[in-house]
Amino acid sequence: MSDVRPYWVATAHQVAVRALGWLDAARDHFALPVDVASDRLRPNEDIKPLGELALTVSIAIREAAAGSREAQLAPALAAFAWAQFRDGDVLYELQREQPIETFPTETYAWFARTGHRHPRLDELVAHLSGLRAARVTEVVPNRTLAIYNAERLLGLPNRDDPAALTARTWLGGTPEPWAIDFFTLYAVTHAVFHLTDWAARPDDLPPHLQTYLHAWLPAWLEVYLEAGHWDLVGELLIVDLCLTEPDDYPNAWEALARAQQPDGLLPTGPERVPTDAAQAFREHYHPTIVAAIAGTLAVSRRIGAQATR
Amino acid sequence: MPVISGPPRAVYATAVETLAGSVVRALTGADDAFQLAGQLVAEGSPAECRARLAAVRVLGPDALAPFALAGHQFGPEDAEVVETGSQMFPTSERDPDATDDADNTVLVRALRDWATGEVLTRLGVAGSARAYPARRGASVGPDQGWLAWGGVLAQLSPLATPGLDGPLHADARRYRLDVARGVTRAMLRRDYLTAARLARWLASGGEVTMDPPFAVEPVLRQLELVAGADPRLQLEIAIARYGLGGGAGE
């Protein structure tokens with residue numbers, strides 16, 4: 001393996017290792033509540049963190065570029081999350097009870113990437129995705145790309161035109177870069193994540209959108225670096241890594257590493273992290289997920305890359 | 001004329017705002033008459049008199065915009081005000097190339113004085129021209145990165161006036177994207193004065209097609225509608241509109 005890598009990749013690697021270590025230590029907080037029926041689980045509080053853990057480790061396994069510690073942790077965490085979902089039964093029950101909800105399928109797709117399949121859920125999802133109803137799900141535009149990517153990962157026929165879906169997103173409109181806000185930036189990051197399947201398919205991001213992101217990502221990143229909003233900074237760094245030719249932002253990586261706690265938790269923003277572990281988890285698990293994904297992708301995509309600046 | 005009072009710093013700020021407001025009204029056609037001679041009227045405290053002349057120095061070439069851009073009659077008494085202001089607040093004798101000018105203060109001032117000299121020359125004041133500051137300017141150029149360069153360009157917005165051209169203007173045309181990034185950042189930070197100053201650089205050569213697209217006029221309009229009534233901000237916008245070719249009148 002070539003070891004020609006930009007110097008900041010070592011920093012990114014450290015961020016990823018620490019973040020993954022924190023996620024592993026936080027297993028109990030990711031665990032689904034015991035003795036609660038599937039239809040009583042709360043999508044945002046219960047399902048989403050565990051699903052995002054599955055996403056994170058699915059990317060770590062896919063990239064296979066991390067060190068030995070991650071190579072050991074990632075499959076173990078994937079197995080843990082799958083077991084929490086009772087080998088897919090929970091997702092199957094959720095999807096069966098709420099046929100036009102998309103989050104069970106989207107969550108399942110991360111597991112499919114790591115080889116965890118549930119035959120009855122596969123059958124159900126294949127059927128549901130073929131309905132006319134599936135073509136007109138009432139969600140914001142970047143979410144249609146999430147569904148598109150989930151179906152792609154599950155090996156279902158592509159029934160939607162990604163170009164048409166993309167054109168309806170904020171990013172697809174290439175708007176004035178100053179006419180954006182905090183929440184819409186998340187819409188932009190997620191449009192990129194889904195379209196490129198989290199940096200696996202950079203070339204699926206059309207050239208004019210790559211040009212647009214090369215132009216304005218530096219300005220957006222600078223604003224939120226200054227504000228110390230690490231969750232969004234991390235997501236914007238992932239966006240860079242989803243481009244065919246990432247620009248690399250060494251200063252942002254150094255800032256992110258400085259913001260990360262020794263135990264690996266990356267704070268959401270400049271606010272103080274609560275001492276109560278459960279509260280700290282609720283408020284800061286997401287940026288730590290982001291840090292793990294960003295660092296993992298930085299290592300895998302920039303190994304062998306020449307430092308460009 | 002508003003009453004000027006309070007501590008010296010506030011007196012100066014008020015004087016600058018008052019003059020900026022007059023320039024804006026002249027540029028937008030709200031006032032038919034404009035002259036600088038009033039800045040010399042011996043009215044109010046000595047501090048206030050000094051402040052009125054300081055305001056002419058602070059606005060530099062922008063104080064002359066009504067004459068240079070909007071067709072107001074420039075007379076000897078206006079020239080006298082500029083001259084008196086220059087004498088009272090002389091340009092530093094320090095060499096802009098001096099190594100201790102780390103924050104570019106001297107160089108920025110020299111460039112603004114160069115711009116004032118250029119405008120005065122166009123208005124027919126003999127002997128006003130100054131040499132362009134010799135240092136082509138590693139530290140006022142884009143090689144320091146878009147973020148730092150934007151800070152310098154914002155300080156130098158009086159140079160971004162229709163009719164003025166120089167190495168910095170060439171850089172601003174060539175590295176237009178860097179300037180647009182600065183506008184974007186300033187808009188998102190709600191730093192509207194900086195946004196207007198950088199937009200003025202983009203506007204100084206007229207609207208230019210960019211890839212990706214970045215139109216200047218919507219930035220100016222947005223600033224007009226949301227940025228508040230600060231006369232210095234309105235002045236930046238008004239001159240930017242002349243750069244776009246439409247004049248500042250509504």
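Below, read A as the first sequence line, B as the second, and so on, with proteins coming before strands; counting in each chain starts at 1. What you see below is based on every heavy atom in this structure, not just the backbone, and it leaves out hydrogens, waters and symmetry mates.
Crowding of A:Gln279 atom CD: a count of heavy atoms from other residues, nucleotides or ligands under 6.0 Å exceeding 12.
Here the closest heavy-atom approach between residue B:Arg181 and residue A:His214 is recorded as NH2-O, 2.9 Å. Between B:Pro212 and A:Trp216, the closest heavy-atom pair is CG-NE1, 3.6 Å. Considering every non-hydrogen atom in both A:Val223 and B:Leu188, the closest pair reads CG2-CB, 4.1 Å.
Neither the backbone nor the side chain of B:Asp178 comes within contact range of chain A; no heavy atoms are under 4.5 Å apart.
Within the 4.5 Å cutoff, the side chain of A:Thr174 has no heavy atoms near those of the B:Phe214 side chain. Proximity of B:Arg185 to A:Glu226: side-chain heavy atoms (C-beta onward) are separated by under 4.5 Å at one or more points.
Residues from residues 193-201 of chain B never place a non-hydrogen atom less than 4.5 Å from a non-hydrogen atom of chain A.
Heavy-atom pairs under 4.5 Å with chain A peak, among B:Ala180, B:Pro213, B:Ala215, at B:Ala180.
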